[in-house]
Amino acid sequence: MHVFTGRADSRSAAVRIAHEVYDAARAAREAGLDIPHGRPDGWGACGYRPGWELDWPAATVGRWNDPYSWTRISDFEL
């Protein structure tokens with residue numbers, strides 16, 4: 001599983017942007033450069049594994065819920 005985070009207007013836009021971020025990370029690594037972090041829209045990559053090809057047609061999108069967040073009251077019984 002790979003996780004990409006950032007804001008997008010639609011599910012298709014999220015997959016497209018995640019793919020762009022992945023492609024930029026791959027290109028940088030293949031050129032011997034550092035992986036670019038933090039595009040202006042907030043998307044970025046933290047790593048890249050050579051030889052791992054992602055199955056983009058099977059990619060899914062969903063709202064991220066931080067499992068370590070203390071701000072989600074619904075996680076706790078009152």
Side-chain angles (χ1 to χ4, degrees):
M1 175 184 285
H2 291 75
V3 176
F4 298 89
T5 61
R7 296 182 185 267
D9 294 333
S10 67
R11 290 176 183 271
S12 62
V15 171
R16 178 184 50 78
I17 297 167
H19 200 161
E20 290 172 4
V21 167
Y22 173 82
D23 287 345
R26 181 182 61 208
R29 188 55 75 202
E30 288 174 355
L33 303 172
D34 289 336
I35 293 173
H37 296 285
R39 292 175 13 156
D41 59 6
W43 289 78
C46 292
Y48 169 75
R49 293 233 179 184
W52 287 25
E53 291 302 321
L54 305 186
D55 186 359
W56 290 105
T60 60
V61 177
R63 183 177 299 275
W64 172 256
N65 291 309
D66 185 350
Y68 302 104
S69 174
W70 290 96
T71 60
R72 291 182 354 182
I73 303 275
S74 62
D75 289 346
F76 302 99
E77 289 187 20
L78 300 177

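All values below come from the heavy atoms of this structure, side chains included, with hydrogens, waters and symmetry mates left out.
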Decide yes or no on side-chain contact (heavy atoms from CB on, under 4.5 Å) for Arg26 and Glu53, but give the supporting numbers first. CA-CA 10 Å; Arg26 181 182 61 208; Glu53 291 302 321; 4.3 Å; yes
Where the side chain of [X] meets the backbone of [Y], is there a donor-acceptor pair that is under 3.5 Å apart?
X	Y	answer
Arg39	Gly44	no
Trp43	Phe4	no
His37	Ala45	yes

With side-chain contact (heavy atoms from CB on, under 4.5 Å) as the test, would you mind laying out the steps for Asp41 and Arg7 before giving the verdict? CA-CA 7 Å; Asp41 59 6; Arg7 296 182 185 267; over 6 Å; no
Rounded to the nearest 0.5 Å, how far apart are CH2 of Trp56 and CG of Asp23?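 Here the rounded value is 7.5 Å.
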Rounded to the nearest 0.5 Å, what separates atom CD1 in Ile17 from atom OG in Ser12? 9.0 Å
Here the pair of heavy atoms bringing Val61 nearest to Ala14 is CG1-CB, 3.9 Å
Please indicate whether Asp55 has more than 12 foreign heavy atoms, meaning atoms of other residues, nucleotides or ligands, lying under 6.0 Å from its CG. yes
